[in-house]
Amino acid sequence: MLYHIYVLIRLNDRMMNLGQIIDVKGIVEKRKEALKLKIDKLNDRNIVPKLAVILASFDEASKIYVGKKKRLCEEFKILQEEYIYDENVTEDELLNLIDKLNNDDTVDGILIQLPLFKHLDEKKILNYIKPTKDVDGFHPVNLGNLVAGSKGIVSCTPKGIITILEDIGEDIKGKNAVVIGRSVIVGKSIAHLLLNKDATVTICHSKTKNLEYYTKNADILVVAVGIPKFIKSDIIKEGSVVIDVGINRVDGKVVGDVDTEDVLEKVKYVTSVPGGVGITTVLSLIENVADVASLR
Ligand code: NAD
């Protein structure tokens, strides 16, 4: 009997001390309301934002992402033009199309869904998009603005992460932020955004020695690695905020780079997968399209 009471007290203690899974769906709903107002104002000025999407691969995940973007465009009454190619497409064909879209004043944003067919030079094609229409924020001009801390189009996943941190009231200034992963589209970009917000930032990657030395000191830990449940509670700091960017498919299920259940008793906040960073990414894209359209 005494033992059972002891176990119940311990369980209660653990539940009291649990961190919180961030309600990203709630955050997205709030952002959707603000976005609707912005688009209504554009419509009042007779502006209907338009996004051009180019798909040149047979990648299944890409088709799913394009479908999600399409549904969100419909929800926000954003016009969408889709250009879908098979493996016979040439680089010149794509460059000609981008040229046409760059010069079409009714097109606000151009999105090239990656990866492209292997024979196409991704960098060359992405860099051909006019920086002011690069709603993915991958163009060197937009990346340069990010590094310089100047205004530009910010890539969607990092932008979504900052919105999450701001919404939960996390003061980024002066915090130790550790980013695991150094890809341009996630790791490097979020590291610069955090730096621009006065965090002390460390980027870790596959060649980092003694990773836990950094993660154990991280007030904010952003994980973009692509390894299922890579981060467990033993290498994170008590009371930290952990942002899980990973999207991994394991036995037909989507899991993140963080073992959410395991870290929950140690963190202050953690994002879940699914239902976390991913749902802010698509919304950030629509926000970028609306922002570009508002400059017409
Ligand atoms: P990437 O493969 O380009 O980069 C992975 C990074 O992880 C590399 O920089 C590598 O150095 C690092 N890494 C690999 N093994 C490591 C290790 N053992 N220790 C430390 N670092 C290690 O991937 P990416 O495009 O940045 O994506 C990362 C993850 O985020 C993937 O799961 C991807 O699906 C996901 N993702 C999610 C969203 C979203 O909207 N939620 C957007 C983009 C990517």
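Numbering of ligands and ligand atoms starts at 1, following listing order.
With sequence neighbours left out, the side chain to side chain contact (heavy atoms under 4.5 Å, CB included) criterion links D23 to K25. When the side chain to side chain contact (heavy atoms under 4.5 Å, CB included) test is applied to D234, the partners found at least two apart in sequence or on another chain are K232.
N248 places a side-chain N or O within 3.5 Å of a backbone atom of G256 that can act as its donor or acceptor partner. Although no hydrogens or angles enter the test, the distance criterion places no donor-acceptor pair under 3.5 Å between the side chain of K159 and the main chain of E287. Side-chain N or O atoms of D262 include one that pairs as donor or acceptor with a backbone N or O of S233 at under 3.5 Å.
Of all non-hydrogen atoms in Q113 and S62, the two that sit nearest each other are CG-CB, 3.6 Å.
Within a 4.0 Å radius of atom 27 (O) of ligand 1, the protein has no heavy atom. For atom 2 (O) of ligand 1, the protein comes within 4.0 Å by no heavy atom at all.
The nearest heavy-atom contact from the protein to atom 19 (N) of ligand 1 is F230 CZ, 3.5 Å. Ranking protein heavy atoms by distance to atom 5 (C) of ligand 1, first place goes to V225 O, 3.4 Å. R182 N, 2.8 Å is the protein heavy atom nearest to atom 9 (O) of ligand 1. For atom 24 (P) of ligand 1, the nearest protein heavy atom (residue, atom name, distance) is S183 OG, 3.7 Å. Shortest contact from atom 11 (O) of ligand 1 to any protein heavy atom: S206 N, 3.0 Å. Closest to atom 37 (C) of ligand 1 among all protein heavy atoms lies V245 O, 3.0 Å. Considering only non-hydrogen protein atoms, atom 32 (O) of ligand 1 sits nearest to I247 N, 3.0 Å. When only non-hydrogen protein atoms are considered, atom 42 (C) of ligand 1 lies nearest to T157 OG1, 3.3 Å.
The contact set between ligand 1 and I180, taken as ligand atoms under 4.0 Å from a residue heavy atom, comprises 20 (C), 21 (N). Those atoms of ligand 1 that come under 4.0 Å of a heavy atom in N248, given as number and element, are 32 (O). Below 4.0 Å from some heavy atom of H205 lie the following atoms of ligand 1, by number and element: 11 (O), 19 (N), 20 (C), 21 (N), 22 (C). Close contacts of ligand 1 with G181, meaning ligand atoms under 4.0 Å from a residue heavy atom, involve 6 (C), 7 (O), 9 (O).
Using a cutoff of 4.0 Å between basic side-chain nitrogens and carboxylate oxygens, K36 and E33 are not scored as salt-bridged.
In this structure the side chain of V48 reaches within 4.5 angstrom of the side chain of N43, judged on heavy atoms. The shortest side-chain heavy-atom distance between V24 and V277 does not fall under the 4.5 Å cut-off. The closest side-chain heavy-atom distance from E82 to L55 is not below 4.5 Å. Two residues are said to be in side-chain contact when any heavy atoms from C-beta on lie closer than 4.5 Å; L51 and D108 fail this criterion. The shortest side-chain heavy-atom distance between L143 and K188 does not fall under the 4.5 Å cut-off.
Heavy atoms of V186 found under 4.0 angstrom from ligand 1 belong exclusively to the side chain. Residue-level proximity to ligand 1 for T281 is carried by the side chain, the only part with a heavy atom below 4.0 angstrom.
Using 4.0 Å as the threshold, C204 has no heavy atom nearer than that to any atom of ligand 1. Within the structure, ligand 1 lacks T208 among the residues with a heavy atom less than 4.0 angstrom away.
Looking at G187, A224, G246, G276 and measuring to atom 6 (C) of ligand 1, the nearest heavy atom belongs to A224. Among S284, G226, P274, the residue whose heavy atom lies nearest to atom 29 (C) of ligand 1 is G226.
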